[in-house]
Peer 1: 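Got a structure for you, questions after.
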Amino acid sequence: EFLQVDTTNTLFICGGAFVGLDSIIRNRVGKKTLGFGQDPVSKKDLDTATILQKVQPEDLLKYGFIPEIIGRLPVISPLEELSEQAMLSILSDPKNALIKQYQKLLELENVHLEFSPQALKEIVKEAKTRKTGARALRSILENIMLKIMYEIPSMDNIDTCIITDEVIRKKRKPIYKLLRKSA
């Protein structure tokens, strides 16, 4: 059975990576020039963000959207890739930032967690290579912290765990500072 829904007053929002849409747009936008003194711009010279700004309904149709959906998308706003500064901010600034979440988890074991500025930059650098936006930050941190989170509860006298860029790049062990014993 089919259920009919009146979508007259429904706002449709489509989000995603839409891999390959840029090549469809490049094929359409590729400039052809006639005459002398023209300066043709190669479609390969334009970066993906610039190309996606030129998206048209016909591009979405070639991509595979059905006309009924395309008609419900009156505004198309492509988003640009996150900058390194934005990713650093996502990693550490918000109230529920990933770094703060791991710090809170280790506080339950009475251990302070610190990340060197170079380590944070290395996490962002690796995330940028994955090209999945801020989602990559979480998976990179989980890979780094998984073993540490299992080791720390069984270790005695740990006061601080310091994550350096070496931990991120070369998968080395973090630096552990021991508690000072009172006399």
Side-chain angles (χ1 to χ4, degrees), residues 10-30 41-66 69-70 72-107 113-152 161-175:
T10 303
L11 173 65
F12 287 85
I13 299 174
C14 299
F18 302 106
V19 176
L21 181 59
D22 60 323
S23 60
I24 293 170
I25 300 167
R26 282 180 207 282
N27 288 334
R28 180 180 53 79
V29 172
V41 177
S42 170
K43 53 189 170 188
K44 292 176 185 161
D45 291 342
L46 298 173
D47 66 328
T48 303
T50 305
I51 284 291
L52 289 175
Q53 293 294 329
K54 300 175 185 296
V55 68
Q56 294 293 317
E58 64 199 54
D59 302 323
L60 297 175
L61 188 62
K62 283 185 181 177
Y63 188 72
F65 278 72
I66 60 173
I69 292 290
I70 295 171
R72 298 284 185 190
L73 301 173
V75 177
I76 301 172
S77 299
L79 302 175
E80 293 183 22
E81 188 176 339
L82 290 169
S83 69
E84 287 186 16
Q85 191 60 41
M87 289 183 96
L88 271 172
S89 177
I90 290 167
L91 200 53
S92 57
D93 290 350
K95 189 174 107 175
N96 63 343
L98 293 170
I99 297 295
K100 292 177 183 175
Q101 289 177 28
Y102 280 105
Q103 288 172 331
K104 202 69 166 166
L105 284 170
L106 285 186
E107 275 181 27
L113 176 64
E114 296 176 11
F115 285 81
S116 72
Q118 297 84 5
L120 295 176
K121 288 178 183 174
E122 198 62 39
I123 292 168
V124 167
K125 184 178 165 186
E126 187 172 327
K128 296 280 282 177
T129 62
R130 293 186 184 188
K131 300 214 180 276
T132 57
R135 287 183 189 98
L137 297 173
R138 178 174 295 280
S139 66
I140 292 166
L141 268 174
E142 283 180 6
N143 287 338
I144 295 163
M145 295 301 299
L146 184 65
K147 190 171 182 184
I148 295 167
M149 298 286 287
Y150 280 110
E151 287 177 351
I152 283 183
C161 174
I162 303 170
I163 308 295
T164 64
D165 57 330
E166 298 269 315
V167 177
I168 312 301
R169 247 185 300 124
K170 298 181 181 174
K171 310 295 184 228
R172 298 238 168 104
K173 286 194 174 263
I175 298 169

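Values below: every heavy atom of this structure, side chains too, minus hydrogens, waters and symmetry copies. Quick note: residue numbers are just sequence positions, from 1.
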Peer 1: Determine, stepwise, if the pair I25 / R28 fulfils side-chain contact (heavy atoms from CB on, under 4.5 Å).
Peer 2: CA-CA 5 Å; I25 300 167; R28 180 180 53 79; 3.8 Å; yes
Peer 1: With rounding to the nearest 0.5 angstrom, report the CG to CG distance, D59 to L21.
Peer 2: 6.5 Å
Peer 1: Does the side chain of Y102 reach to within under 4.5 Å of the side chain of E142, using non-hydrogen atoms?
Peer 2: yes
Peer 1: Starting at CG of L120, measure out to OG of S92 and round the result to the nearest 0.5 Å.
Peer 2: 6.0 Å
Peer 1: Is it the case that more than 12 heavy atoms not belonging to K131 sit under 6.0 Å from its NZ atom?
Peer 2: no
Peer 1: Using a 4.5 Å cut-off on heavy atoms from C-beta on, say whether the side chain of R72 contacts that of T10.
Peer 2: no
Peer 1: Could you tell me whether K62 atom NZ has more than 12 heavy atoms of other residues or ligands within 6.0 Å of it?
Peer 2: no
Peer 1: Keeping the roles fixed (side chain from K128, backbone from L82), state whether a donor-acceptor pair exists under 3.5 Å.
Peer 2: yes
Peer 1: Are L91 and L141 packed together at the side-chain level, in the sense that at least one heavy-atom pair is separated by less than 4.5 angstrom?
Peer 2: yes
Peer 1: Which pair of non-hydrogen atoms, one from C161 and one from I148, has the smallest distance, and what is that distance?
Peer 2: SG-CG2, 4.0 Å
Peer 1: So, K171 side chain and I168 main chain: donor-acceptor pair closer than 3.5 Å or not?
Peer 2: yes
Peer 1: Working to the nearest 0.5 Å, report the span between CD1 of I90 and CZ of R135.
Peer 2: 11.0 Å
Peer 1: To the nearest 0.5 Å, how far apart are CD in E81 and OG1 in T132?
Peer 2: 10.0 Å
Peer 1: State, yes or no, whether a side-chain contact exists between L98 and R138 at a heavy-atom distance under 4.5 Å.
Peer 2: yes
Peer 1: What are the two closest non-hydrogen atoms of I140 and A127, and how far apart are they?
Peer 2: CD1-N, 3.4 Å
Peer 1: Please report the C-alpha distance between Q118 and K121 in whole Å, then the side-chain angles of each, then the deciding distance to 0.1 Å, and finally whether the side-chain contact (heavy atoms from CB on, under 4.5 Å) criterion is met.
Peer 2: CA-CA 5 Å; Q118 297 84 5; K121 288 178 183 174; 5.6 Å; no
Peer 1: Does atom CD of E80 have more than 12 heavy-atom neighbours from other groups under 6.0 Å away?
Peer 2: no
Peer 1: Is there side-chain contact between L106 and M145, with at least one heavy-atom pair below 4.5 Å?
Peer 2: yes
Peer 1: Between R130 and E126, is there a side-chain N and carboxylate O pair less than 4.0 Å apart?
Peer 2: yes
Peer 1: Tell me whether the rings of F18 and F65 are parallel (<30°), tilted (30 to 60°) or perpendicular (>60°).
Peer 2: tilted
Peer 1: How long is the span from the CG atom in D22 to the CD1 atom in I51, to the nearest 0.5 Å?
Peer 2: 7.5 Å
Peer 1: For L137 and M87: C-alpha separation, side-chain torsions, deciding distance, then whether side-chain contact (heavy atoms from CB on, under 4.5 Å) applies.
Peer 2: CA-CA 8 Å; L137 297 173; M87 289 183 96; 4.1 Å; yes
Peer 1: Taking C-beta and beyond as the side chain, do V167 and I175 meet within less than 4.5 Å on heavy atoms?
Peer 2: no
Peer 1: Which value, rounded to the nearest 0.5 Å, describes the distance between K104 atom NZ and L113 atom CG?
Peer 2: 13.0 Å
Peer 1: Is there a donor-acceptor contact under 3.5 Å from the side chain of E114 to the main chain of I162?
Peer 2: no
Peer 1: Does I163 form a side-chain contact (heavy atoms from CB on, under 4.5 Å) with I123? I'd like the steps, not just the answer.
Peer 2: CA-CA 11 Å; I163 308 295; I123 292 168; 5.8 Å; no
